Every structure is written in C-alpha cells, then in structure tokens.
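Heads up, the thing below is written out as structure tokens.
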Number of protein chains: 2
Amino acid sequence: MPKEEFNPLALKEQICFPIYATSRLITRLYQPLLDEIGLTYTQYLVMMVLWENDNQKVTEIGNRLFLNTNTLTPLLNKLIQKKLISKQRDESDERAFIVTLSEEGKAMKTSAECIPEKLAQSVDIPLEEVALVKSAMWKFLNSVRD
Amino acid sequence: MPKEEFNPLALKEQICFPIYATSRLITRLYQPLLDEIGLTYTQYLVMMVLWENDNQKVTEIGNRLFLNTNTLTPLLNKLIQKKLISKQRDESDERAFIVTLSEEGKAMKTSAECIPEKLAQSVDIPLEEVALVKSAMWKFLNSVRD
DNA sequence: TCATAATATATCGCATGCGATATAAAATCA
DNA sequence: TGATTTTATATCGCATGCGATATATTATGA
C-alpha cells in the first residue's frame with residue numbers, strides 16, 4: 001500500500017471552497033422563489049435588512065451585510081427604480097443618505113414571508129447541523145467585524 | 001416583557017446569509033496571498049484541480065468546482081494568456097477540450113504550497129468546528145450533485 | 001480657526017457567476 | 001441509415017463584489 005502524502009492543496013482539504021460552493025448553490029435554490037417577487041438574492045438581503053429596521057443609512061445596511069457602497073449604491077439604485085425604496089439625505093449629516101421602504105416595499109414583506117420555509121424544505125441538511133454551521137459562521141463573521 | 005414574535009425574515013435566522021458572507025470574507029483573506037503568485041481566487045481553484053490531476057476536460061474541472069463553461073471558458077482563457085495552462089482538442093471526442101498545465105503552471109504549485117497554512121492562521125475558528133462545517137457543506141454539495 | 005484627517009457616498013474597472021442561447025460533434029433510436 | 005437527442009464548449013447579457021480612487025461633508029487638532 002503506497003504511503004499517501006498529505007496534499008495541503010487538495011480541494012478536499014480547503015476550508016473556503018465548500019463554503020464558497022455551498023453559498024453559490026443555495027443562492028441558486030433561492031432564485032426561483034425570488035423570481036416570483038422579482039428580486040435577486042442580494043436585493044432580497046437588502047430588503048430583509050430594511051424589513052427588520054426601516055430608515056437606515058447606506059453604511060448601516062452595508063455593515064449588516066458586509067457590503068461596501070461600491071456594491072450597494074448600484075444595487076440600491078435598482079431597488080429605487082423598482083419603487084421599493086427611496087433615499088433622502090440625512091438632515092443631521094449631509095454626507096449620509098437614509099434608505100426608506102416605499103409602501104410597495106413594505107407590502108412585499110408579506111409575499112416574502114413564505115420564502116425561508118420553502119427554501120428550508122429544499123435544503124436537505126439535518127437541523128442540528130444547520131444550527132452548528134450558522135453558529136460557526138457567525139462566530140467567524142463577528143471576529144472579522146472588529 | 002413584550003412577547004418576541006419569531007421573524008422568519010430576520011437576517012439571524014437565515015441559513016444562506018452567514019455562509020454567503022463568510023465565503024466572501026474568506027476569499028478576501030486569500031487575496032493578499034494570491035496576489036503574490038498573481039492569481040484570483042477562482043483561478044487558484046482551477047489550478048488546484050489541475051495540480052491534483054493534470055489533463056482534465058473543461059467539464060471535469062467544472063464538475064469538481066460546480067462551475068459551468070460560461071464561467072470557466074473566459075477564466076481558462078485568462079490562465080492561457082498567463083501561460084499557466086494550454087488547451088487541446090480531445091482526439092477521441094472532437095467536442096471536448098483537454099486542459100494541461102504548462103511548466104510554469106506546474107512550477108507554481110511550489111509557490112502555492114504555503115498558502116493553505118498561511119490562510120488557516122488568519123482564520124480564527126476552532127479546528128473541530130472547521131471539520132464540522134466542512135463535513136456539513138460537503139454533505140450538502142454531494143446531495144445536490146446527484 | 002484653519003489645515004488635516006476621518007467619514008459617507010459615488011464612480012470606474014476588472015473578474016466572476018449564471019440563465020439563456022448557439023454551435024458542433026457524438027450518441028441514440030425509429 | 002437518417003433524424004433526433006444528448007453532450008461539450010462558447011457567447012451574450014445582466015447582476016454582483018471589490019480594490020482603487022474621487023468628492024463632499026464633518027470631526028479633530030495644532
């Protein structure tokens with residue numbers, strides 16, 4: 001039996017690759033559900049942040065999603081075109097913009113409420129593992145945030 | 001004390017979001033290391049697949065990485081421009097292309113060997129959790145593959 | 001207070017990802 | 001065998017992500 005050398009560059013050994021691939025595949029699972037309400041995955045994330053707390057600054061949304069304005073600005077402009085949100089200057093800080101849900105944007109929350117449940121059904125991972133993964137990922141995210 | 005409604009659309013409840021955010025953040029951690037050998041993260045993944053097994057078809061590489069040719073073709077062309085790989089028609093199947101490492105491509109493996117170790121140092125997650133996350137992600141990936 | 005630094009947002013360019021579609025070659029089947 | 005289907009790759013268009021840079025506004029400090 002030949003001695004198996006440990007190959008640190010083997011795909012199976014990587015930390016990031018399975019996370020990267022899983023992220024893309026789950027996003028793909030979301031797409032048919034999101035098509036029904038006309039959102040992309042990232043647009044859906046922004047809407048979720050606003051459904052939790054309306055009237056947030058661009059940077060606050062970015063902090064929640066780990067996204068910078070170079071990604072958010074074009075994305076928010078598309079949501080404005082779709083009349084789901086609007087943007088006004090913060091009167092107490094003329095540099096900042098505050099993002100606000102429109103009535104259509106608020107109403108969309110009702111149509112979106114079934115999506116997490118439907119997605120969970122199509123993802124076949126035991127509940128305890130989902131909890132473990134979520135906890136480990138959030139631990140990492142919070143450690144990077146600081 | 002007000003009763004807390006369960007909000008299925010809260011960011012904290014999502015499965016995909018922490019995976020998606022972690023994937024992007026780890027990729028960002030790779031970038032300074034990959035800059036030293038002049039690769040992007042996805043290009044690095046392709047090279048890893050070829051370092052494990054040279055002379056693979058485009059589709060075989062795609063299967064390993066869960067990527068289609070619409071992503072791989074331009075990416076492989078960039079690696080050809082960098083003279084790290086080459087592409088020849090498969091003589092037994094004229095539809096297919098076989099991707100082969102150049103001498104530079106093979107040599108690059110030596111420079112890359114330190115990267116996994118260096119990355120692991122900058123990612124602050126306990127080893128058991130890394131193993132759990134990897135196992136759960138791969139279980140999901142394999143379940144989707146079929 | 002006035003120059004300097006920090007902060008909020010925007011813009012540019014490049015590299016993905018991916019659905020939809022096109023093309024050519026191989027496999028299958030009536 | 002000739003038509004149909006499947007498979008391998010390529011192309012197009014759109015939507016991110018993000019490093020680098022620019023601009024405007026606010027905060028800070030000599």
Side-chain angles (χ1 to χ4, degrees), chain A residues 16-17 19-35 38-47 56-63 65-82 85 87-99 144, chain B residues 16-17 19-35 38-47 56-63 65-82 85 87-99 144:
Chain A
C16 187
F17 171 68
I19 300 176
Y20 154 86
T22 299
S23 168
R24 287 191 297 111
L25 292 197
I26 301 189
T27 304
R28 245 184 273 176
L29 292 179
Y30 269 106
Q31 211 47 65
L33 304 173
L34 292 175
D35 283 344
L39 292 180
T40 65
Y41 181 67
T42 321
Q43 291 168 6
Y44 172 63
L45 289 179
V46 170
M47 294 302 287
Q56 293 190 63
K57 290 185 189 175
V58 175
T59 303
E60 288 171 336
I61 299 173
N63 281 339
L65 299 178
F66 301 86
L67 287 171
N68 289 317
T69 56
N70 49 9
T71 299
L72 276 178
T73 298
L75 209 149
L76 292 173
N77 287 338
K78 263 162 220 157
L79 291 175
I80 292 172
Q81 277 172 26
K82 297 187 189 188
I85 61 169
K87 233 168 54 176
Q88 314 104 63
R89 271 199 192 284
D90 182 351
E91 291 184 16
S92 67
D93 182 346
E94 295 278 328
R95 292 168 301 183
F97 277 99
I98 293 182
V99 180
V144 171
Chain B
C16 187
F17 171 68
I19 300 176
Y20 153 85
T22 299
S23 170
R24 287 191 295 111
L25 292 198
I26 299 188
T27 304
R28 244 184 274 177
L29 292 179
Y30 269 107
Q31 210 47 64
L33 303 173
L34 292 175
D35 283 344
L39 293 180
T40 65
Y41 181 67
T42 322
Q43 290 168 6
Y44 172 62
L45 288 180
V46 170
M47 294 302 286
Q56 292 190 63
K57 291 184 188 175
V58 176
T59 304
E60 288 171 336
I61 300 173
N63 281 340
L65 300 179
F66 300 86
L67 286 171
N68 289 316
T69 55
N70 49 9
T71 300
L72 275 177
T73 298
L75 208 149
L76 292 173
N77 287 338
K78 260 161 222 158
L79 291 175
I80 292 172
Q81 277 172 25
K82 294 187 191 188
I85 62 169
K87 234 169 51 176
Q88 314 104 60
R89 269 196 194 285
D90 183 350
E91 291 185 15
S92 66
D93 182 347
E94 295 278 328
R95 294 168 301 184
F97 276 99
I98 293 182
V99 180
V144 171

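From a predicted model like this one, the values you see are computed outputs, not experimental measurements. Chain identifiers are assigned alphabetically (A, B, ...) following the order of the sequence lines, protein sequences preceding nucleic acid strands; residue numbering begins at 1 within each chain.
Looking at heavy atoms from C-beta onward, Leu45(A) lies in side-chain contact with Tyr20(B) at the 4.5 angstrom threshold.
Closest to the side chain of Glu94(A), from the set dG19(D), dT25(D), dT9(D), is dT25(D). Of the candidates dA25(C), dG17(D), dA8(D), the closest approach to any side-chain atom of Thr71(A) belongs to dG17(D). Taking the side chain of Phe97(B) as heavy atoms from C-beta on, and the options dT9(D), dA15(C), dC18(D), the nearest nucleotide is dT9(D). When the nucleotides dT16(D), dT11(C), dA8(C) are ranked by their closest atom to the side chain of Asp93(A), dA8(C) comes out on top. For Gln43(B), the side-chain atoms get nearest to dT16(C) when compared with the rest of dT16(C), dC18(C), dA10(D). When distances are taken from the side chain of Lys78(B) to each of dA8(D), dT26(D), dA15(C), the shortest belongs to dA15(C). Comparing dG17(C), dT9(D), dA25(C) against the side chain of Val58(B) picks out dT9(D) as the nearest. Of the candidates dA10(C), dC18(D), dA8(D), dC18(D) carries the atom nearest the Arg24(B) side chain, counting heavy atoms from C-beta on.
Rounding to whole angstrom units, CG of residue Leu45(A) and P of dA15(D) are separated by 16 Å. When rounded to the nearest whole Å, the span between CZ of Arg89(A) and P of dA10(C) equals 8 Å. Rounded to an integer number of Å, the gap from CG of Leu72(A) to C1' of dA10(C) is 12 Å. The CG-P distance, from Asn68(B) to dC12(D), rounds to 18 Å in whole Å. Going from atom OH of Tyr30(B) over to atom C1' of dA15(C) covers 18 Å, rounded to whole Å. The nearest whole Å value for the distance from the CG atom in Leu76(A) to the P atom in dT9(C) is 10 Å. Protein atom CG of Leu75(B) is 12 Å distant from nucleotide atom P of dC18(C), rounded to whole Å. For the pair Ile26(B) CD1 and dC18(D) C1', the interatomic distance rounds to 17 Å; values are reported in whole Å.
Comparing Glu91(B) and Phe66(B) by the nucleotide of DNA chain C that holds the closest heavy atom to each, the one mapping nearer the 5' end is Phe66(B). Across the interface with DNA chain D, nearest-nucleotide mapping of Ala96(B) and Thr42(A) shows Ala96(B) to be the residue nearer the 5′ end.
Not a single donor-acceptor contact under 3.5 angstrom links the side-chain atoms of Arg95(A) to the base of dT9(C). Scanning atom types as modelled, one donor and one acceptor separated by under 3.5 angstrom connect the side chain of Thr69(A) and the base of dA10(C).
Side-chain atoms of Arg89(A) come within 3.5 Å of backbone N or O of Glu94(A) as a donor-acceptor pair. Between the side chain of Ser23(B) and the backbone N or O of Ile19(B) there is no donor-acceptor pair closer than 3.5 Å. With hydrogens and angles ignored, the 3.5 Å screen pairs a side-chain donor or acceptor of Gln43(A) with a backbone N or O of Thr40(A). Judged purely by atom type and a 3.5 angstrom limit, Asp90(A) uses its side chain to pair as donor or acceptor with the backbone of Ser92(A). No donor-acceptor pair under 3.5 Å is formed between the side chain of Lys82(A) and the backbone N or O of Asn77(A).
Remark on the helix from dT1(C)-dA30(D) to dA30(C)-dT1(D): inter-end axis angle 10°, axes from five-pair C1' superpositions, rounded to 10°.
Contact annotation: Lys82(A) does not reach the phosphate of dA15(D) (side-chain N/O to OP1 or OP2, under 4.0 Å). Proximity of Thr40(A) to the phosphate of dC14(D): no side-chain N or O atom is located under 4.0 Å from OP1 or OP2. Note on Tyr41(A): every side-chain N or O is 4.0 Å or more away from OP1 and OP2 of dG17(C). Between Arg28(B) and dG17(D) there is no side-chain polar atom (N or O) within less than 4.0 angstrom of OP1 or OP2.
By the ring-ring contact (aromatic ring centres under 6.0 Å, His included) test, Tyr30(B) pairs with Tyr41(B), Tyr44(B), sequence neighbours left out. Phe66(A) meets the ring-ring contact (aromatic ring centres under 6.0 Å, His included) test with no other residue; sequence neighbours excluded.
Here Leu39(A) contributes atom CG and Met47(A) contributes atom CE; the two are 6.5 Å apart, rounded to the nearest 0.5 Å.
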